[in-house]
Amino acid sequence: MNPVERQDDDSLKIYLPHAEGLVLCSLPQRIEDLLSQGDFNQRVADRLFPVAYEDAGKEAEYRKLLGDDLKKRKLESVKAFKATLENWDITQSGVEVTIAAELVETWLGFLNDMRLYLAIELDITENDWSAGLEPDEEMSEELALLHLLTWLQQCILDALGFVQERYIPEGEEPDGREAEET
Amino acid sequence: MLPATTFVIDSGSFAFAGAPLASGEPGTVSLPDTETDTRLDRIWNVIVWDDPINLMAYVVYVFQKVFGMSEQLATRHMLEVHKEGRSLLTSCEREKAELFVSRLHRYGLQATLEKQTG
């Protein structure tokens, strides 16, 4: 069952178990710190603020024109995400959060930035994220978080009508691997 | 009566206002090929690149949001990125292309601009 429900006013209601809810609430501080540092991992910077031009001169012109716009917008999305989480409800079964319709896009963007950040930290370059793990190896905290955020982002997209299974080419698994023949 | 002294510019030719625009007609002057080259010089391609992290459904969502594409077209571009590693999303003037790229970056997609050739 999808833990994300679309309401009549296009807001989304998310129901999460306590543990997952608490993990979610710890995220804004993590990425806010990261964006405020300014001197974070160059690979993370390159991915969150990618180049638009191959030509260095044109890229410099573009960056000058853009200024801090992208960074400001990303920080705004962290704040909006944080503000939503401040109004969560703890119920017997877990945590309940409502995302206003106008913030759904911000949430999706924030979750994606967080996933990109984790993927860089984990050095993920293949569609199959667990490819480097030995069969009995336990997932790191970061990889478990990446899976949790991916699942949540997918649940939100599902609730909006963007169901991942519809887009996966025939003969492929959701993680990009080729399906095993049965 | 003489035609007005303003010019009407239309791709590849210009004419006095009121005069027919078809090439070879009186009042129409064909522009040299360099004009076509200049036009091409102004057109930039917006390219999006494959990424192992962005979800297929998310990419379709972003294409629809940024370009107002139908789901079918957005899906076609997403699958092209997935299979070929890149997809040409649109071609337009530089300023507009930069705007599209900055919006794609805001959503976390890897996008670049390339000058259109040929």
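Only heavy atoms go into these numbers, but all of them, side chains included; no hydrogens, no water, no symmetry mates.
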Asks: Please determine whether residues A:Leu12 and A:Leu24 belong to a single hydrophobic cluster, defined as Ile, Leu, Val, Met, Phe, Trp and Tyr linked transitively by side-chain heavy-atom distances below 4.5 Å.
Replies: yes

Asks: Near B:Glu93 CD, under 6.0 Å, is it more than 12 heavy atoms from other residues, nucleotides or ligands?
Replies: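 Atom CD in B:Glu93 is not crowded, with 12 or fewer foreign heavy atoms closer than 6.0 Å.
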
Asks: Do B:Asn54 and A:Leu116 make a side-chain contact, defined as non-hydrogen atoms from C-beta onward lying under 4.5 Å apart?
Replies: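 They are in side-chain contact.
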
Asks: With rounding to the nearest 0.5 angstrom, report the CE to CG distance, B:Met56 to A:Leu157.
Replies: 13.5 Å

Asks: Less than 4.5 Å apart, side chain to side chain, heavy atoms only: is that true for A:Ile120 and B:Ile53?
Replies: no

Asks: If you tally heavy-atom pairs under 4.5 Å against chain A, which of B:Val46, B:Thr75, B:Val60 wins?
Replies: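 Result: the option with the highest number of such pairs is B:Val60.
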
Asks: Quick one: do B:Glu98 and A:Lys58 make a salt bridge, cutoff under 4.0 Å?
Replies: no

Asks: Answer yes if A:Leu111 and A:Val163 sit in the same cluster of Ile, Leu, Val, Met, Phe, Trp and Tyr residues linked by side chain heavy atoms under 4.5 Å apart, and no otherwise.
Replies: no

Asks: State, yes or no, whether a side-chain contact exists between A:Gln154 and B:Tyr58 at a heavy-atom distance under 4.5 Å.
Replies: no

Asks: Below 4.5 Å from any heavy atom of chain A, which atoms of B:Glu114 appear? Answer side chain, backbone, both or neither.
Replies: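 Interface part for B:Glu114: neither.
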
Asks: If two hydrophobic side chains count as joined below 4.5 Å and joins carry through other members, does A:Leu146 share a cluster with A:Val44?
Replies: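 Linked, A:Leu146 and A:Val44 end up in one cluster.
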
Asks: Run the salt-bridge test on A:Arg166 and B:Glu71 with the 4.0 Å N-O cut-off and return the result as yes or no.
Replies: yes

Asks: Go through A:Leu108, A:Leu160, A:Leu66 and name the one with the most non-hydrogen pairs under 4.5 angstrom from chain B.
Replies: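 Between A:Leu108, A:Leu160, A:Leu66, the count favours A:Leu108.
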
Asks: Mind listing the closest non-hydrogen atom pair of B:Ser102 and A:Tyr62 along with its distance?
Replies: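 B:Ser102 and A:Tyr62 have their closest heavy atoms at CB-OH, 3.2 Å.
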
Asks: To the nearest 0.5 Å, tell me how far B:Arg103 CZ sits from A:Leu70 CG.
Replies: 12.5 Å

Asks: Does any backbone or side-chain atom of A:Leu118 lie under 4.5 Å from a heavy atom of chain B? Answer side chain, backbone, both or neither.
Replies: neither

Asks: Same cluster or not: are B:Met69 and B:Leu99 linked, directly or through other Ile, Leu, Val, Met, Phe, Trp or Tyr residues, by side-chain heavy atoms under 4.5 angstrom apart?
Replies: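 No, it is not one cluster - the side chains of B:Met69 and B:Leu99 are not joined through contacts under 4.5 Å.
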
Asks: So what's closer than 4.5 Å to chain B heavy atoms on A:Ile156: side chain, backbone, both or neither?
Replies: neither

Asks: Can you check whether A:Phe49 reaches B:His105 side chain to side chain, under 4.5 Å on heavy atoms?
Replies: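 Side chain of A:Phe49 against side chain of B:His105, heavy atoms only: no contact under 4.5 Å found.
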
Asks: Within the supplied structure, the quantity of interest is the number of heavy atoms (other residues, nucleotides, ligands) at a distance under 6.0 Å from A:Glu102 CD; does it exceed 12?
Replies: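 Counting neighbours around CD of A:Glu102, more than 12 heavy atoms of other residues, nucleotides or ligands fall under 6.0 Å, so yes.
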
Asks: Hey, quick one: are A:Val51 and B:Tyr107 part of the same hydrophobic cluster, counting side-chain heavy atoms closer than 4.5 Å, chains of contacts allowed?
Replies: no

Asks: Rounded to the nearest 0.5 Å, how far does CZ of B:Arg106 lie from CG of A:Leu48?
Replies: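 Rounded to the nearest 0.5 Å, the CG-CZ separation comes to 14.5 Å.
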
Asks: Show the nearest heavy-atom pair for residues A:Arg115 and B:Leu55, with the distance to one decimal.
Replies: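 Looking at all heavy atoms of both residues, the shortest contact is NH2-CG, 4.0 Å.
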
Asks: Counting heavy-atom pairs closer than 4.5 Å to chain A, which one of B:Thr112, B:Val101, B:Leu113 comes out on top?
Replies: B:Leu113

Asks: Heavy-atom distances under 4.5 Å only: say whether B:Leu109 touches chain A with side chain, backbone, both or neither.
Replies: backbone

Asks: Compare every heavy atom of A:Pro169 with every heavy atom of B:His82, then report the nearest pair and how far apart it is.
Replies: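 B:His82 and A:Pro169 have their closest heavy atoms at CD2-CG, 3.9 Å.
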
Asks: With heavy-atom distances below 4.5 Å as the criterion, would you say the side chains of A:Glu105 and B:Tyr61 are in contact?
Replies: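 The answer is yes, as the side chains (C-beta and beyond) meet within the 4.5 Å cut-off.
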
